[in-house]
**Q** 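This is the structure, below, for whatever I ask next.
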There are 2 protein chains.
Amino acid sequence: MTKIFIVDDHYMVVEGIRSLLQNAPGIDWMGHAMNAASCLAFLQQQHPDIILMDINLPDKSGIDLCKEVHNKYPGIFILGLSTFNQQSFIQKMMDNGASGYILKNASLDELLEAINEVKKGRTFLSNEAAATLHKPDNTTIPLITSREKEVLGLVAEGLTNNEIAQQLFISHTTVETHRKSLLNKFDAKNTASLVRMAAQMGII
Amino acid sequence: MTKIFIVDDHYMVVEGIRSLLQNAPGIDWMGHAMNAASCLAFLQQQHPDIILMDINLPDKSGIDLCKEVHNKYPGIFILGLSTFNQQSFIQKMMDNGASGYILKNASLDELLEAINEVKKGRTFLSNEAAATLHKPDNTTIPLITSREKEVLGLVAEGLTNNEIAQQLFISHTTVETHRKSLLNKFDAKNTASLVRMAAQMGII
DNA sequence: TTCTATATCCTCTTTTTCCATGATTTTCAG
DNA sequence: CTGAAAATCATGGAAAAAGAGGATATAGAA
């Protein structure tokens, strides 16, 4: 028997998965949590084999929760679950220890296959998710330093170089250097495209 | 008996609602469509009393589909359905003839209540949706014109005023005017914050 | 029909960003 | 310890955007 637990704040999705799985052989439905906090509370009492985890939770992101659960309970496999087929989300979930990722339009077969694969310790990506993740061009997120990330955030907030300089207690020319470096790393022509890329990559 | 049809590309949600409704009294489940095209095809054959309609469909937006169905079949009540509790979406659905709006985290009771109210010709908004709709301000997407949207897209791509002017065959000062207007409507200080807001609102 | 919103165009000034080309200090991993 | 990466600072000039204050034409709604 595979013990399944689900974390998702959408009642209809929870109900859908429960309905799909209740007649499937070898599945032990342990229940569900509507948010990260009650998921963590549940895990102090019981340990499922697999957690189906939504990315959008009311109290914290599924991406953060994934990391936390994976660190505290390395034996539990996590299967990411969301409406969005966005490469940055999938990537982050996998980076944070998820064993797989499926979309909410997945079929029963796909869901069962995912559960079986993950149970065996393998990884599973649904067709569409895999396609997205392995897309060739695949807007790779550039490797930026923490200071650059800080500056990028303030730039996106609409602060000018001088304002950022004041806030960080550095010279405005230094801010400019970081900015140039960001434009280079993102291969962006100007601030507008830089901010768009960063936003679409989920960095800001 | 209330004849119910659902349009949603998320299999798990469809399954969840079907599971919730199949034991409810007075509900006649007519089936579901995964996209706008097959919904319209279905309606040429049969006429449900109520359509549960997702906002995000693969082929066209639920907002457009709502308008189309409402015009062609005024007798069918439409109940908007989505993950997003965003004011502009709710507003647009209601403007386009929807009789109500519920979120995917609604309970069975809420769903049944919505169906009953809508069946009687009344409107129903789920608690959270109603709260959002009547919220004074928050992150409302500004009403921008099609030309402004066009310019916004090109700005976010990293084009300068001159480049945009060339591409649209207008003067660079006109582009500047549109840009100023965008900054005003978004209440953004500069391009960086404008692009960030637009990206986070999903406009670009 | 009149009014309003949209789209178009203009000048001038100031601010900010972008570009090129440097340099010094700090920090951290091998 | 030592070198590489990161973070810091600088100058001077070119390009672009922002801010202020206009104007005209047109299409659609009241």
Side-chain angles (χ1 to χ4, degrees), chain A residues 95 140-201 203-204, chain B residues 64 67 70-71 88 91-92 94-97 140-201 203-204:
Chain A
D95 287 349
T140 314
I141 297 177
L143 199 67
I144 59 174
T145 69
S146 60
R147 197 56 155 177
E148 282 164 358
K149 191 172 177 181
E150 207 173 356
V151 170
L152 175 58
L154 296 171
V155 166
E157 287 295 319
L159 277 67
T160 66
N161 287 335
N162 278 319
E163 289 166 341
I164 295 171
Q166 277 176 28
Q167 185 146 338
L168 300 181
F169 303 105
I170 55 178
S171 159
H172 72 98
T173 61
T174 303
V175 178
E176 189 149 319
T177 306
H178 289 309
R179 230 174 148 133
K180 266 185 283 190
S181 168
L182 284 165
L183 289 175
N184 262 324
K185 290 185 177 177
F186 279 83
D187 195 25
K189 209 181 134 195
N190 54 27
T191 301
S193 58
L194 170 68
V195 172
R196 193 206 74 239
M197 289 178 185
Q200 287 177 345
M201 291 172 181
I203 300 176
I204 51 174
Chain B
D64 294 338
K67 191 176 205 168
H70 186 66
N71 287 338
S88 62
Q91 187 67 61
K92 281 180 190 161
M94 302 307 284
D95 288 349
N96 283 358
T140 310
I141 294 177
L143 199 69
I144 60 174
T145 69
S146 60
R147 199 57 156 174
E148 282 164 358
K149 192 173 178 180
E150 208 172 354
V151 171
L152 175 57
L154 296 172
V155 166
E157 287 295 319
L159 276 68
T160 67
N161 286 337
N162 278 319
E163 290 166 340
I164 296 172
Q166 279 177 28
Q167 184 146 339
L168 300 182
F169 303 105
I170 56 179
S171 158
H172 71 98
T173 61
T174 303
V175 178
E176 179 92 8
T177 306
H178 288 310
R179 223 171 153 137
K180 267 186 279 196
S181 168
L182 284 165
L183 289 176
N184 263 323
K185 289 184 177 177
F186 279 81
D187 195 25
K189 207 183 135 194
N190 54 26
T191 301
S193 58
L194 171 67
V195 171
R196 193 206 73 237
M197 289 178 185
Q200 288 177 345
M201 289 171 181
I203 300 175
I204 51 173

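The chains referred to below are lettered A, B, ... by the order of the sequence lines, with proteins before strands, and numbering in each begins at 1.
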**Q** Taking only the side-chain heavy atoms of A/T145 (C-beta and beyond), determine which of C/dC9, C/dA7, D/dA6 contains the nearest atom.
**A**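 Output: D/dA6.
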**Q** Could you tell me how far apart B/E150 (CD) and C/dT6 (P) are, to the nearest whole angstrom?
**A**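 Value for this atom pair: 15 Å.
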**Q** Nearest 0.5 Å please: distance from the NE2 atom of A/H172 over to the CG atom of A/N161.
**A**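 So the gap between those two atoms works out to 8.5 Å.
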**Q** Is the shortest side-chain N/O distance from B/H178 to OP1 or OP2 of C/dT8 below 4.0 Å?
**A**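 Answer is yes, contact under 4.0 Å.
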**Q** B/K149 NZ to C/dT6 P: how many Å, rounded?
**A**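 Roughly 15 Å, once rounded to whole Å.
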**Q** Once you round to the nearest 0.5 Å, how far does NZ of B/K149 lie from CD1 of B/I203?
**A**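 CD1 of B/I203 is found 7.0 Å from NZ of B/K149.
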**Q** Check nucleotides 15-19 of chain C against the protein and report each pair of N or O atoms closer than 3.5 Å, with its distance, or say if there are none.
**A**
residue: C/dT17; atom: OP1; partner: A/R179; partner atom: NH1; Å: 3.3
residue: C/dT17; atom: OP2; partner: A/N161; partner atom: N; Å: 2.9
residue: C/dT17; atom: OP2; partner: A/N161; partner atom: ND2; Å: 3.2
residue: C/dC18; atom: OP1; partner: A/T191; partner atom: N; Å: 2.8
residue: C/dC18; atom: OP1; partner: A/T191; partner atom: OG1; Å: 2.9
residue: C/dC18; atom: OP2; partner: A/R179; partner atom: NE; Å: 3.4
residue: C/dC18; atom: OP2; partner: A/T191; partner atom: OG1; Å: 3.2
residue: C/dC18; atom: N4; partner: A/E176; partner atom: OE2; Å: 3.1
residue: C/dC19; atom: N4; partner: A/E176; partner atom: OE2; Å: 2.8

**Q** Could you state the atom-to-atom distance from CG of A/L182 to P of D/dA6 in whole Å?
**A**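 Roughly 12 Å, once rounded to whole Å.
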**Q** What's the closest nucleotide to the B/T173 side chain, out of C/dC10, D/dC9, C/dT8?
**A**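 So the side chain of B/T173 is nearest to C/dC10.
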**Q** In whole Å, what is the span from the CD1 atom of B/I164 to the C1' atom of D/dA16?
**A**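 For the pair B/I164 CD1 and D/dA16 C1', the rounded distance is 12 Å.
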**Q** When the distance from NZ of A/K185 to C1' of D/dA6 is rounded to whole Å, what number comes out?
**A**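 In whole Å, D/dA6 C1' and A/K185 NZ are 9 Å from each other.
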**Q** How close or far is atom C1' of C/dA7 from atom CG of B/L143, stated in whole angstroms?
**A**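 From B/L143 CG to C/dA7 C1': 16 Å.
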**Q** Between A/T191 and B/A192, what is the shortest heavy-atom contact and its length?
**A**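 For A/T191 and B/A192, the tightest heavy-atom pair comes out as CG2-CB, 3.7 Å.
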**Q** B/H172 side chain N/O closer than 4.0 Å to the phosphate oxygens (OP1, OP2) of C/dC9?
**A**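 No, because none of the side-chain N or O atoms of B/H172 sits under 4.0 Å from OP1 or OP2 of C/dC9.
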**Q** Return the 5'-most residue of the pair B/S171, B/I144 with respect to DNA chain C, ranking by each residue's nearest nucleotide.
**A**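 Of the two residues, B/I144 wins.
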**Q** Quick one: are B/L168 and B/V175 in side-chain contact, heavy atoms under 4.5 Å?
**A**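 A side-chain contact is absent here, since even the closest heavy-atom pair is not under 4.5 Å.
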**Q** Which residue, B/I204, B/L182, B/I164, B/T160, forms the side chain to side chain contact (heavy atoms under 4.5 Å, CB included) with B/V155?
**A**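 Only one option passes, and that is B/I164.
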**Q** Taking only the side-chain nitrogens and oxygens of A/T174, find out if one of them lies under 4.0 Å from OP1 or OP2 of D/dA7.
**A**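 The answer is no; no side-chain N or O of A/T174 sits under 4.0 Å from OP1 or OP2.
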**Q** First locate atom CD of B/Q167, then atom CD of B/E150, and finally report the distance between them rounded to the nearest 0.5 Å.
**A**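 The distance works out to 8.5 Å.
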**Q** Rounded to whole Å, please give me the gap between CG in B/N184 and P in C/dA5.
**A**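 From B/N184 CG to C/dA5 P: 14 Å.
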**Q** Nearest 0.5 angstrom please: A/Q166 CD to A/E163 CD, how far?
**A**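 Those atoms lie 7.5 Å apart.
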**Q** Determine whether any donor atom in the side chain of A/T177 lies under 3.5 Å from an acceptor atom in the base of D/dC9, or the reverse, and answer yes or no.
**A**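 A donor-acceptor contact between them is present.
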